[in-house]
Number of protein chains: 2
Amino acid sequence: MNNRPYTKVINQLKAAGLRPTRQRIALAKLLFGTCNRHVTAESLLAEATQAKIQISLATVYNSLHQFTDAGLLREIVVDLNRCYFDTNMTEHYHFFYEENNRLEDIHSDDIIISKLPSLPLGKSLKRVDIVIRV
Amino acid sequence: MNNRPYTKVINQLKAAGLRPTRQRIALAKLLFGTCNRHVTAESLLAEATQAKIQISLATVYNSLHQFTDAGLLREIVVDLNRCYFDTNMTEHYHFFYEENNRLEDIHSDDIIISKLPSLPLGKSLKRVDIVIRV
DNA sequence: GTGTTTGCAAAGTGTTTGCAATTTA
DNA sequence: TAAATTGCAAACACTTTGCAAACAC
């Protein structure tokens, strides 16, 4: 891999309290370089490998969780067989294509919820997940 | 275990095209005997064991999937670490208590969705899953 | 009797962990 | 140099599978 400074990604990592290592920079570049993404550990490793980035599966898992804890990614639960991570941190929902296990964003304006139940006593809302399975 | 006829459960299984074996009858009795339930394979096995029903984990898994395929149960994806099955087959949604991985039904009247996006071309709606994480 | 179901143990899958070697600051 | 990070391989948790024995009809 090349080692240009990637100032933007490095600053993003530093801001998140993560040491900008070669592996994290490479993954962050793949994840945050372009538009919003949905990845699994396997898919991201495959992508990295194809881009000639040398990295282990364990590090991909570690990085995905570190990015998630740092608020750079969020985890989506749609399929029991694998973890999906989403680079889109804004409020939004998902289509899930069952035929090929693919996710697609639904902009939050495209779903309007006009009534929600009151929360159980003493609980605070963590998130409302909506998945439209097609 | 006792072996009263359990006519109702047996008919339910037959109607679903499932041979009413001792194990299936026992599980169906636990699952459909009372109110709506949320179970995992482990929790159902524990319950069966406590009720002195002799059954293996493999058979619990098999039965849960057979019941699901037969339309007697539905699977809920909320937690990557285990499969949840719900005996409530009517349209409804869920609270998920992250502190103890517990599920609670939300009656469909308690959530009103006043706008949904149009489906991707050529796709049919399988289900709208809503999970409120608290 | 025949085809289905069960149950064990083994295999499988995706994920996490322990720890020595490497890298970053 | 000191502390954090990586990467391998082993461990893990849950689920599925293969197949001989048991069961339902």
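All values derive from a computational prediction rather than experimental measurement. We name chains A, B, ... by the order of the sequence lines, and we start the count at 1 in each one.
Pairing for dC23(D) goes to dG3(C), judged as Watson-Crick or G-U wobble with the two contacts each under 3.5 Å. Pairing of dA20(C), defined by two Watson-Crick or G-U wobble distances under 3.5 Å, is identified with dT6(D).
Across all strands, L80(B) comes closer than 4.0 Å to no nucleic acid atom at all (heavy-atom distances).
When ring centroids are compared, F85(B) and H65(B) come within the 6.0 Å threshold.
The side chain of Q23(A) places an N or O atom within less than 4.0 Å of a non-bridging phosphate oxygen (OP1 or OP2) of dG7(D). A close approach under 4.0 Å does occur between a side-chain nitrogen or oxygen of S56(A) and OP1 or OP2 of dG7(D).
Atom-to-atom, CG of D69(B) to P of dT16(D) comes out at 11 Å; the value is rounded to the nearest Å. Spacing between atom CZ of R82(A) and atom C1' of dA13(D) amounts to 17 Å, rounded to whole angstrom units. As rounded to whole Å, 15 Å separates atom P of dT16(D) from atom CG of L45(B). A straight line from CG of L18(A) to P of dT5(D) spans 7 Å, rounded to a whole angstrom. Across the protein-nucleic acid pair, N62(B) atom CG and dC23(D) atom P stand 17 Å apart, rounded to whole Å. Y84(B) has its OH atom 14 Å from the C1' atom of dA13(D), to the nearest Å. Distance, Q54(B) CD to dC23(D) P: 10 Å, rounded to whole Å. Rounding to whole angstrom units, CZ of residue R19(A) and C1' of dA4(D) are separated by 4 Å.
Distance alone, capped at 3.5 Å, places no donor-acceptor pair between the R74(B) side chain and the T68(B) backbone.
Checking T40(B) against K14(B), the closest nucleotide of DNA chain D that is more toward the 5' end is the one next to T40(B). If you find the closest nucleotide of DNA chain C to T21(B) and to H65(A), the one lying nearer the 5' end belongs to T21(B).
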Query - Full working for side chain to side chain contact (heavy atoms under 4.5 Å, CB included) between V134(B) and E98(B) - result: CA-CA 6 Å; V134(B) 294; E98(B) 297 196 336; over 6 Å; no
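Within the structure, salt bridge (Lys or Arg N to Asp or Glu O under 4.0 Å) contacts touching residues 59-68 of chain A (residues at least two apart or in different chains) do not occur.
Using a cut-off of 4.0 Å between Lys/Arg side-chain N and Asp/Glu carboxylate O, E47(A) and R37(A) are scored as salt-bridged.
Contact of the D86(B) side chain with the L73(B) side chain is not registered, since no non-hydrogen atoms from C-beta on lie closer than 4.5 Å.
Counting 5' to 3', DNA chain C first comes under 4.0 angstrom of a heavy atom of chain A and last does so at the ends given by dG14(C) to dA25(C).
A continuous path of Ile, Leu, Val, Met, Phe, Trp and Tyr side chains, each step under 4.5 Å between heavy atoms, connects L125(A) with F95(B), placing both in one hydrophobic cluster.
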